[in-house]
Amino acid sequence: MRLGRTLASGQAFRWKWDTEGRDVEIAVGVVGRHVLRLAQDARGLWLLSPDTPDARASVLRYLGVSGGGGAGIRRVEAGLAQDAVLARILSHTAGIGLLAQDPWEVLISFIISANNNIPKIIQSVDRLAQSLGEPLENGAHAFPTPDRLAAARPRTLAVCLLGYRAPYVRAAARLVAEGRIDLGGLARIPPDEAREQLLGIRGVGVKVADCIALFGLRHTTAFPVDVWVRRAVERLYFRGRQRTLKEIQAFARVRFGPLAGYAQQHLFAYARSHLHRVRR
DNA sequence: ACCCAGGTGAGGG
DNA sequence: CCCTCACCTGGG
């Protein structure tokens, strides 16, 4: 697993790079109540702080490297490489892992992501944590709990620059806070059922539902289609011909099966770095 | 002044 | 189903 590629792959919004006065970059991020500082070099992955058993367990679970080391991702990429297109792409994107994130945080973060840009998504999530999350060390804050977010005043949400998404965020927080939706339970039911339930949440459309399924529930059949993935699929598999969303999802399902979510990660990363935009 | 950004919801064919 | 449009907001 390549730490840098994984944390910068767009699945999580709470990581920053601290490169000041060092020869290796240090990733600083908040996972649960831990403010983690991670680094990776030729010898391996390092948890610089906090150096506690609890934090270690947290990191291993979050990065999905516990039990089997890098064997999991190796097997996944071997499977993906059966596809000639992905085999070529992997030379640029290998090492992107799937994080095990809190579905609640994923739900809210990706409602915010709709029709938005990544720097601003990060800013909004930061401000939500700052204004509603539990204070942690060094001025960092945990992601807000459903209760706190559900009870947030409009004034507070306005500071977070959510725009027209603010009512969606608050309503979703209420659903979770009041127990009217059980995010943990969604991970244990068939992916299609989980997807339907997620689509019932205002502000959650097909793309966001698939992101929650993949990044929060770890349903790896999910294949979130955003503009970049659509671009990659149309260009690399359909000779640049336009396809409908349904066609792309059907294609991904039969072509990649349970590896679809991983395939999406690589196609997304490749598109962002190699497939520039063209006007239609 | 506009257009864009990891889409969604409403309204119509 | 598929298509079209408006949409908070900050940055080109």
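Sequence lines set the chain letters: A, B, ... in the order given, protein chains first and strands last, and positions in each chain run from 1.
Summarising the geometry, the separation between CG on A/Asn117 and C1' on C/dT9 is reported as 9 Å, rounded to the nearest angstrom. Taking atom CG of A/Leu245 as the reference point, atom P of B/dG9 lies 14 Å away to the nearest angstrom. In this entry the distance linking CG of A/Asp210 with P of B/dG6 reads 18 Å, nearest Å. Rounding to whole angstrom units, NZ of residue A/Lys120 and P of C/dC8 are separated by 11 Å. The CD1-C1' distance, from A/Ile121 to B/dC4, rounds to 13 Å in whole Å. As a whole-Å value, the separation of A/Asn116 CG from C/dG12 P is 15 Å. A straight line from OH of A/Tyr164 to P of B/dG7 spans 9 Å, rounded to a whole angstrom. Following rounding to the nearest Å, A/Asn115 (CG) and B/dC3 (C1') show an atom-to-atom distance of 12 Å.
Using modelled atom types and a 3.5 Å distance limit, the side chains of A/Asp83 and A/Tyr237 yield a donor-acceptor pair. With 3.5 Å as the limit, one finds no donor-acceptor pair spanning the side chains of A/Asp126 and A/His141.
For the P atom pair drawn from C/dG10 and B/dT8, the interatomic distance equals 22 Å after rounding to whole Å. Rounded to whole Å, the P atom of B/dG6 lies 22 Å from the corresponding atom of C/dC3.
The side chain of A/Arg272 places an N or O atom within less than 4.0 Å of a non-bridging phosphate oxygen (OP1 or OP2) of B/dG6. Applying the 4.0 Å criterion to OP1 and OP2 of B/dA10, one finds that A/Arg202 has a side-chain N or O inside that range.
Where A/Val204 and A/Cys211 each meet DNA chain B at their nearest nucleotide, the meeting point lying more 5' is that of A/Cys211. Taking for each of A/Gln264 and A/Gly203 the nucleotide of DNA chain B with the nearest heavy atom, the 5'-most of the two is the partner of A/Gln264.
Across the strands present, B/dG6 finds no partner; the criterion is a Watson-Crick or G-U wobble pair with both atom distances under 3.5 angstrom. Across all strands shown, nothing is found opposite C/dC8 as a Watson-Crick or G-U wobble partner with both distances under 3.5 Å.
In the interface, the side chain of A/Tyr168 is not paired with the base of B/dG9 through any donor and acceptor atom under 3.5 Å apart.
Other residues, nucleotides and ligands contribute only 12 or fewer heavy atoms inside 6.0 Å of the CZ atom of A/Arg33.
Inter-residue side-chain proximity for A/Leu36 and A/Val30 is flagged as unmet; no heavy-atom pair is nearer than 4.5 Å.
When distances are taken from the side chain of A/Ala114 to each of C/dT9, B/dG6, B/dG7, the shortest belongs to B/dG7.
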Evaluate the side chain to side chain contact (heavy atoms under 4.5 Å, CB included) criterion for residues A/Val208 and A/Leu199: first the C-alpha distance (whole Å), next the side-chain angles of each, then the deciding distance (0.1 Å), finally the verdict. CA-CA 9 Å; A/Val208 169; A/Leu199 287 173; over 6 Å; no

